[in-house]
Amino acid sequence: MRKSLSGEAWTVRAVGDLADVPAAVADVEFYAKVPGCVHTDLMQAGLLEDPNVGFNERKQRWVGNTDWQYRCVFEVGAELLAHERVDLICEGLDTIATVRLNEVVLGATANMHHSHRFDARAALQAGRNELVIDFRAPLAHIREEERQRGKRPVNGDWDPYPYIRKMASNFGWDWGPLVPTVGIWRDIYLHAWNGVRMASVRPLMSGPSDAGDWTVSVHVSLEHSGSQNACSLLETVRAEARGSSCRVIAGVGATGGNDASACVDVPCGATDVTITLTVHNPRLWWPVGYGEQHLYPLEVRIDDTATTLDAWSACIGFRTVRLNTDPDGHGSAFTIEVNGSPIFCKGANWIPEGMFPSALTPEVYRERVQQARDANMNMLRVWGGGIYEAPAFYEACDELGLLVWQDFMFACATYPEEEPYPALIETEARHNIARLSKHPSVVLWCGGNECIWAYKSWGFGFKLKRGQTWGRMYYLDLLPRLVAGLDPTRPYWPNSPYSGTFDADPLDTDHGNRHTWDVRMEDYRQFVPRFVSEFGHQSPPNMATLRETWPDDALAIDSKMMEH
C-alpha cells in the first residue's frame with residue numbers, strides 16, 4: 001500500500017544564518033512544489049529571477065549558501081497503520097539532508113544519486129503528521145569539506161564539487177549556469193507492507209545456447225518486516241517469475257506465444273533468491289537501423305498461501321553486447337558489438353535536460369529520444385557530470401532502439417577516496433547497476449568523464465599534495481568490481497577518454513576512445529580515431545534563444561553578456 005506525499009501541501013523556508021538572504025525571503029515560508037527544488041520554488045514565488053537570463057546567475061549565489069527547510073503536514077488513517085512496516089521512500093533528496101517525522105529523526109542523506117528508505121512506523125501516528133526535511137547549503141558544505149580535507153583540482157577552478165555526491169553541473173559548466181540547488185527532486189511517499197518485500201530485482205539475460213535457448217536469471221534481494229509472525233509465514237512463501245512474448249515498437253505492444261515461468265520457495269529469513277527462466281528462441285532486441293526492438297514483459301511476485309505480498313514488472317530484451325578491443329593492424333579496436341554484429345555508433349552526449357531535472361515529464365524524455373532517432377542517431381552517452389536518468393529515458397531508448405553509454409557520475413575533477421566517500425559511491429553504484437540491469441539499451445558502463453585524462457594531461461596530478469587521493473581506486477578497482485559482480489552481461493570501460501591502459505596517453509588515436517576538442521574544423525576529415533565519445537566546438541545558442549535571454553544591446557560578439 002502506498003500513500004503519495006508529493007501532492008501534499010509542502011512549504012519551504014530559509015533557516016540558519018540569514019545574513020545574506022534577501023529580506024523578501026528571510027523568515028518567510030512559501031509554497032514548494034514536490035518534486036522540485038528551491039530555485040524553481042523561489043522563481044514560482046516571484047522571489048528569484050531566471051538564472052538563464054542576463055547576469056542573474058551572478059546575483060543568486062546566496063541560494064546555494066543557505067540552509068533550507070521543507071515541511072508538510074499530512075493525514076494517516078488506520079488502514080495504513082495496520083501494516084507491520086511503514087517506510088518513508090525518498091526517491092531523490094538533493095543532497096545533504098536530515099529527515100524528521102513528528103520530531104523523530106528518521107535518518108540523514110548525503111547522496112543525490114539514489115533513493116533512500118526510512119522505517120517510519122514507530123514515528124507515525126493516526127491523524128495529523130508533520131514531516132520536516134532540513135537541507136544543508138551545498139556551497140557551505142563543500143567549502144567546509146575542502147577546509148578539512150584539503151584543496152583538490154577541479155575543472156575551471158570552480159567550487160570543490162567532488163566533496164558532495166551531487167550533480168556536478170549544478171556548480172557551473174561551459175553549457176550552463178551555477179545553480180547549486182537543494183530540494184526533494186524525485187517522488188516521496190509512504191510504503192506500507194507486511195512480511196517480506198522485494199528490495200531490488202536484477203534480471204540478467206545470457207545466451208543463446210546451441211538450441212536457441214536463453215536464460216533469464218532473476219536475482220531478487222529481499223527485506224523482512226522483522227516480526228515473528230512474518231518469519232513463520234515465510235516458510236510457505238513462494239517467489240514466481242513469468243515472462244511472455246510481446247513486441248514493443250514506439251510504445252505499442254502485442255502479445256505473442258513464447259511463455260516461460262518458474263517458481264521457488266523462499267526460506268525463512270532469506271535475503272537473496274535467484275529464479276531461472278528458460279526462453280526458447282526469443283526474438284532479439286537490436287539498435288535502430290540493425291533490426292527491431294523486441295521487448296518481453298517480465299513479472300515477478302512473492303505469494304504466500306493467501307495473497308501476493310509484493311510484485312514487480314518490467315520489459316526486458318534479449319541481446320548480447322561485447323566491447324571489442326582486439327588488436328588489429330592500426331592498434332586496437334573500440335567497437336560495440338550487439339548480437340555479434342559491429343555497430344557503427346552515431347550519437348551525442350546526453351547532458352541533463354535543463355538545469356532542474358525534476359521539472360521533466362516522461363513525455364519530454366520520449367520527445368527528446370525520438371528527436372535523436374529522427375536525427376539518425378543510434379547512441380546516447382549519459383554524461384558523468386549530470387544524473388543517472390529517470391526511468392522514462394531508458395524506457396524510451398529501449399523502445400526506440402538507441403544504445404546507452406552510461407557514465408558513473410564523475411566529471412573533470414579529482415575525487416577523494418577517504419571515508420565516507422567510498423561507501424557513498426558504492427551504495428550509489430550498486431543501486432544504479434541493479435536499477436538499470438533490465439534495460440537492453442544500456443550497453444556500456446563507464447567510470448566517468450575526463451577524470452583520468454585530467455589527472456594525466458591537465459596537470460591535476462602535479463597539483464595534488466603528496467599522498468592525496470584523486471579517484472583512481474573508483475575507476476580501476478571499485479566500479480569494475482561492482483559491474484563484474486552485479487552485471488557481468490555488460491562491458492565496463494574505466495573513463496572517457498581512455499586508451500586501454502593507465503600508462504597510455506588517454507588520447508591515443510590508435511587505441512580506445514577519444515575526446516576531440518583540439519582539432520580545427522578543416523582537419524576533421526583527416527583525423528581518424530578509433531571511437532570519438534565527445535567532439536565539437538563551443539558555439540553560441542541560436543538567435544531565438546539569445547533574444548529570449550538577453551537585451552538587444554547585448555547581441556554582439558564582444559558584449560560582456562556574450563563573454564559571460
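The residues of the chain are indexed from 1 along the displayed sequence. Predicted, not measured: the structure shown is a model, and the values here were computed from it. Note: hydrogens, waters and symmetry copies are ignored here, and every other heavy atom, side chains too, is used.
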#### Entry: NZ or CZ of R149 within 45° of Y163 ring axis and under 6.0 Å
no
### Query
Taking the six-membered ring of Y31, is NZ or CZ of R13 closer than 6.0 Å to its centre and within 45° of its axis?
no
### Task
Please say whether more than 12 non-hydrogen atoms of neighbouring residues, nucleotides or ligands are located less than 6.0 Å from CG in D20.
no
### Query
Does atom CZ of F118 have more than 12 heavy-atom neighbours, drawn from other residues, nucleotides or ligands, at distances under 6.0 Å?
yes
### Query
With the threshold set at 4.0 Å, does a side-chain nitrogen-carboxylate oxygen contact exist between D159 and R143?
yes
### Ionic contact status for D477 with R472, cut-off 4.0 Å
no
Would you call the rings of [X] and [Y] parallel, tilted or perpendicular, taking 30° and 60° as the class edges?
X    : Y    : value
W350 : Y365 : parallel
H431 : H114 : tilted
F408 : Y492 : tilted

Is there a donor-acceptor contact under 3.5 Å linking the side chains of [X] and [Y]?
X    : Y    : result
Y189 : E91  : yes
Q370 : R373 : no
T549 : N52  : no

Let me confirm one number: the [atom1]-[atom2] distance from [X] to [Y], rounded to the nearest 0.5 Å.
X    : Y    : atom1 : atom2 : result
Y161 : F410 : OH    : CZ    : 12.0 Å
N432 : S115 : CG    : OG    : 8.5 Å
F74  : L5   : CZ    : CG    : 5.0 Å
N65  : L139 : CG    : CG    : 4.5 Å

Got [X] and [Y] here, is their nearest side-chain heavy-atom distance under 4.5 Å?
X    : Y    : result
E146 : R152 : no
C37  : W185 : no
M112 : I164 : no
N155 : W173 : yes

### Message
Using the rule ring pair (Phe, Tyr, Trp, His ring centres under 6.0 Å), only one of W458, Y455, F462 pairs with W470; which is it?
### Response
Y455
#### Entry: Verdict with supporting geometry, I433 and V483, side-chain contact (heavy atoms from CB on, under 4.5 Å)
CA-CA 7 Å; I433 293 169; V483 171; 3.9 Å; yes
### Query
What is the minimum heavy-atom distance between P491 and V443, and which atoms define it?
CD-O, 3.2 Å
#### Entry: Smallest separation among heavy atoms of S441 and D398, with atom names
OG-OD1, 2.6 Å
